[in-house]
K.L.:
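Sharing a structure here in structure tokens format.
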Amino acid sequence: MENFEYFEPKTVQEACTLLTQSENGKVLAGGASLVVLLKNKLIFPDRLINLKTIEGLNRIELNPQGELSIGALCRHRDIESSPVIQERFEILAEAASKISSPPIRNMGTIGGGICHADPSADFPPALIALEARLKVSGSKRSRTIPIHEFFTDYYETVLEPDEILTEILIPPLPSPSGGVYLKLDKTTNSVAILGIGAVISLDKKENCTFAGLGVGGAAPTPLAIKEVSSLAGKPVDIHSIEAVASAAVKQSHPISNVHASEDYRREMVGVLVKRALKQALERAGKKVTSS
Amino acid sequence: MEYSFVGKNVPKIDALEKVLGKAIYINDIPFPGMLYGRILRSSYPHARVIGIDVSRAQKAPGVKAVITAEDLPDGRYGPFIKDEPVLARTKVRYIGEPLAAVAATDPDTAEEALGLIDVEYEELPAVFDPLEAMRPDAPLIHEDLKSYFCVFPAIQEGNVCSKTTFVEGDVEKGLREADVVVEETFRTHMHHQAYIEPAGAIARRDPSGRFTVWSSSQGIFITQARISESLCIPMSKIRVIAPRVGGGFGGKIETHVQPICVALAERTDKPVKIILTREEEFSATRPRHPAVVTCKLGVKKDGTIVTKEMVNVLDSGAYSCDGPGVAGFGSLMARGPYRIPNLRIEGYCVYTNKVKTGAFRGFGNPQTGFASESVMDMAAREIGMDPLEFRLKNALNPGDKSLGGQVLRSVGIKECLAKAAEAVDWKEGKKGKYRGRGIASINHISGLLTVSAFVRINEDGTVALQVGTIDIGQGSDTVLCQICAEELGVPIEEISILTGDTDATPYTWATSASRLTYTGGNAVRRAAQDAKDQLLDLAAGQLGLERETLEIRNKKVFVSEDPDKGLTFQQLGAISCWAKGGPIIGKESFMVEEPAFDRSGFQGFPFGTMTAYIFAAQAAEVEVDVETGQVRIVRGASAHDVGHAVNPQNVEGQIEGGYVQGLGYALTEETIVDGGKVINPSFADYKILPAVDVPDLKSIIVEAYDETGPFGAKGVGEPGLVGVAPAVANAIFDAIGVRITELPITPEKVLNGIRSRNLR
Amino acid sequence: MKKDIELRINGAPYRLSVEPGRTLLQVLREDLGLTGTKEGCASGECGACTVLLDGEPVRSCLILAVDARGQEIMTIEGVAENGKPHKIQQAFIDFGAIQCGFCTPGMILVAKALLEKAPQPGEEEIRKAISGNLCRCTGYVKIIKAIEAASQPWYFVSKKG
């Protein structure tokens, strides 16, 4: 690998400053994606800034309002095994459990995964379904970005060169809620051909009060399927699910690659969105009606 | 019969060093002053090489040598047709073909130097499909084909580098007798061995000019010969040694980097190491031949098969390599383990402008087997017969003949079929709407060419075994020691085994063809018998008695009537060394010659005798997701007739490993080539099965004792893979009535099939 | 520009001077002669490079050596106890779980980490734990049996397969 300067900052500000001072510096989180890029000579940073030496970026905390804060340096494995996430936001634990392999999950971080912006990554569809917001710090300002505005293209985000993702905020989910992450892959947990994240919340009368839907692998960026909000305000039935699935298919513009053709991907968006919504509803404690 | 060592789960003798992480593989070997090599590869599938300018690379700091074909003699190598150069000279024929090589002080420097080599190409029209390549107007890939040296009388034309034909009986007559004729064309794909240890070598020249090459290899004598013929160096000047090898499956028989290492070592007078990157492994080694196979089967209403025809076209890629053998062998195996009176089978090996293909577990049998065993099911269903019953009805019995008229005595196929079927509850009803079961039965061989062995009785009565075989993980070192131990009556702990050194171990053709237990085992057993003879003679002389009065047991030669009177191996070993002047050395060079083929119906078959037929049946139960097309293997079973399992645990390991590789071949693995370029050269994009995707799997050993094998044993290395893909395809048909004729069986193909049957 | 670091490997400290771009795998194999950890693909897919970092399996080919400071690294060379095979290693031998042996060091480390967290995992859990370690020879069947056996309390006493 080309030589680069290596830093171990103690604070986020220090890390942002280091980025500002460099030409094309990169941050190092888990390294699972970054080191591959380095070894394959796809990036040539002049400096590498290790974020793991900054305290406080790997906490998982639920505030009294039920909003979840996940530090960007939390490893996939921390999210997979977190009791509070398993109980309240199971879609996220499920997405984490389907990433690659256990050793990669011991290394990779949720922040790294999001910022790498692979359109087939497993977290974004789940985070989109949960309407997550991303807290980002730069050398001059901090801001919070809704996840569906974060991705701009393949491997590209709205992050400025001096900005670092520090926290992922998940709004509270009313009870009962059900969430599911479905992954279509060639072998178990290999790179997703498609990833579907679906969340449904119900009120006491079994009307849907909230629905979220994210689709990965079907476009240059993970997709937020806005049509899913049409499920709210009434019981969820098969026709409304099918309408959302059709909208998702229309919104998709996938590519063909060695794992699947674009036609297959597009068709599977419809199939899997239906399955995901049905399963999310089941996990919320209700079965889908046919009326 | 109960033996002391044979038939026992003796722990593998290399297991301890491997679990401790102390086993030495090629990339673990350091030498002082060692240089690292990297290879510049063609970026065009078919082009003339106008010029190569290495001057900038030569000047780069840390670079010690840069070579092109200009620096090498014009030697060509190949197992059947000597058509392949070490470095491309006037022409490149596939993307990835080596053009130049660099030796430098570290791998990164060598890699960067490749970017400083300028190549001028003149592109030529390329052809990527073997059927297109057979057309008279196809671009000619080897213009000088007819001038290449062939080790057998090859039938060649245009881009067809070999053609093998088998004819028995009269297929026209057979067609007239048939009540039902089923015909279909199948396509199989490029499939990579994907061993976890990348291939590599180190070459070092000594002051006398002799080269020693350490090589992650299955064929050290083959490597020695290829280096010799490609670089025009006498074989006496080349020594090849194999350290521990991390898997091969056929992909490490022929050379990859060894001649280049030798050429660089000669230039630099330093040891030179080249280890292939994973990308090079997937794009520029020798994966399995893709094939187009048309198969026609004629059967009577009562289920008797009367005729079979097959045309099997193999895609050889840019060079022939093992292709003629694969075409020939796959065609030989294509009759299957059945009595079929009328046969016509043609196998073609065809050049295309893709990466050259080569040996991989099954060697042509998986390709023809996919067609054969799919058509068996199609015919069975056409006449309304259970596919298992159909196979049993036509299956070989002891006393039947192989294709080529060899009388087969050890034939366990019916038991294999019955047991594999039982293991998946064949007779029970379906457990789900989209569930199904499938079965396939196959034959293979395990006796081929030569293995030699020395068994030396040391001065202290312990034993030194030397064989040129190489244990690539299948356990041959252990099995050969077990056979030696059993024959001599010496515990395995008192036997040392040396393998894999062309200077120190006697010749073997290769670790391949499922042959080490049968062919190697026979060599070792007979060498041990020779040693025993000499022990008896020596003891007789020492005791002043007739040989016939003596017997050997428990490391002692003693008088049968008076067991206290005798000499121990320890005594005899010492006597032989000191009183006689040297140790007893038992020797054998076992060559497979009997039973010979009746070759009257053979044309262009590039092998001599092959024998020791082995049989297997593989079964699968599947469940199809009819919305996504995904196929889940619910469970699998694989039953193998191995004659007699010398080490049952090892045999199971081969059965299980073969089945899982077979599932990959059937479902998830494919080297994808686009415009001649391999576009998925990584484990991220070439998917072999992880542990979570392996179903419940039963491995079943069947023993139809083979009198000609060592303690009744035959081989098992390859068949584990061969029948899995057709078993899966047959199970899918049983589940949803969709016949997939193209491998791998992807969800998209399944969905297309479902759509055409309106199942959704 | 080289950085001076101290790594703790198999319980012992090592002082090294390394370029930041060197991976832990390179340092283990090339600088420290610990060649039991293997390179199979160099991109974190095959698992042959698996080591334990603070008791958890990771891909040493994707970890920069400078990034491994301050953590306990265990390689295959550190598994045997006083020169005798650990029960997992013995189980691999007894159950025929080793063929070519190239995936074996990684598998054993993953198994060790698993059994320390989940002393009696079932077959499913074992499969998941080793799902990141590719084996091309065995089909995983006997590897799983070996790990299952090693997790049994009786295993150490009775070593027969």
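Computed over heavy atoms, backbone and side chain alike; hydrogens, waters and symmetry mates excluded. Chain letters run A, B, ... following the sequence lines, proteins first and then strands; every chain starts at 1.
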K.L.:
Using non-hydrogen atoms only, which part of B/Val660 is less than 4.5 Å away from chain C: side chain, backbone, both, or neither?
P.N.:
side chain
K.L.:
Does any N or O in the side chain of C/Arg127 come within less than 3.5 Å of the main-chain N or O of B/Val694, such that one atom is a donor and the other an acceptor?
P.N.:
yes
K.L.:
In terms of heavy-atom proximity below 4.5 Å to chain C, should B/Ala194 be classed as side chain, backbone, both, or neither?
P.N.:
both
K.L.:
Need one label for B/Pro648: side chain, backbone, both or neither, based on atoms under 4.5 Å from any heavy atom in chain C.
P.N.:
neither
K.L.:
What part of B/Val245 gets closer than 4.5 Å to chain C, counting heavy atoms only: side chain, backbone, both or neither?
P.N.:
backbone
K.L.:
Do B/Gln193 and C/Arg136 make a side-chain contact, defined as non-hydrogen atoms from C-beta onward lying under 4.5 Å apart?
P.N.:
no
K.L.:
Any sub-3.5 Å donor-acceptor pair from B/Arg278's side-chain atoms to C/Gly40's backbone N or O?
P.N.:
yes
K.L.:
Determine whether a donor-acceptor pair (N or O, by modelled atom type, separation under 3.5 Å) exists between the side chain of C/Gln99 and the backbone of B/Ile472.
P.N.:
no
K.L.:
Would you please test C/Glu39 and B/Ile275 for side chain to side chain contact (heavy atoms under 4.5 Å, CB included) and show each step?
P.N.:
CA-CA 10 Å; C/Glu39 179 172 274; B/Ile275 308 288; over 6 Å; no
K.L.:
Could you tell me which of B/Leu697, B/Thr277, B/Leu16, B/Ile655 has the largest number of non-hydrogen atom pairs under 4.5 Å with chain C?
P.N.:
B/Leu16
K.L.:
Side chain, backbone, both or neither: which part of C/Ile108 has an atom under 4.5 Å from a heavy atom of chain B?
P.N.:
side chain
K.L.:
Would you say the side chain of B/Lys687 lies within less than 4.5 Å of the side chain of C/Glu45, judging by non-hydrogen atoms?
P.N.:
yes
K.L.:
Please test C/Lys142 against B/Gln649 for side chain to side chain contact (heavy atoms under 4.5 Å, CB included), starting from the C-alpha separation and ending with a verdict.
P.N.:
CA-CA 9 Å; C/Lys142 294 189 184 329; B/Gln649 199 172 70; 3.9 Å; yes
K.L.:
B/Gln654 versus chain C, heavy atoms under 4.5 Å apart: side chain, backbone, both or neither?
P.N.:
both
K.L.:
Just so I know, are the side chains of C/Lys38 and B/Asp28 near enough to count as touching, which here means a heavy-atom distance under 4.5 Å?
P.N.:
yes
K.L.:
Could you tell me which portion of C/Ala48 (side chain, backbone, both or neither) has an atom closer than 4.5 angstrom to a non-hydrogen atom of chain B?
P.N.:
side chain
K.L.:
Minimum heavy-atom separation for B/Tyr25 and C/Phe102, please, with both atom names.
P.N.:
OH-N, 3.5 Å
K.L.:
With side chain to side chain contact (heavy atoms under 4.5 Å, CB included) as the criterion, how do B/Tyr195 and C/Cys137 come out once you've worked through the C-alpha distance, each side chain's angles and the decisive distance to 0.1 Å?
P.N.:
CA-CA 8 Å; B/Tyr195 31 79; C/Cys137 297; over 6 Å; no
K.L.:
What part of B/Asp14 gets within 4.5 angstrom of chain C, counting heavy atoms only: side chain, backbone, both, or neither?
P.N.:
side chain
K.L.:
Quick one: are B/Leu20 and C/Gln89 in side-chain contact, heavy atoms under 4.5 Å?
P.N.:
yes
K.L.:
Tell me whether B/Lys12 contacts the main-chain N or O of C/Gly96 through its side chain, where contact means a donor paired with an acceptor under 3.5 Å.
P.N.:
no
K.L.:
As an exercise, state the distance from CG of C/Leu134 to CD1 of B/Ile688, rounded to the nearest 0.5 Å.
P.N.:
4.5 Å
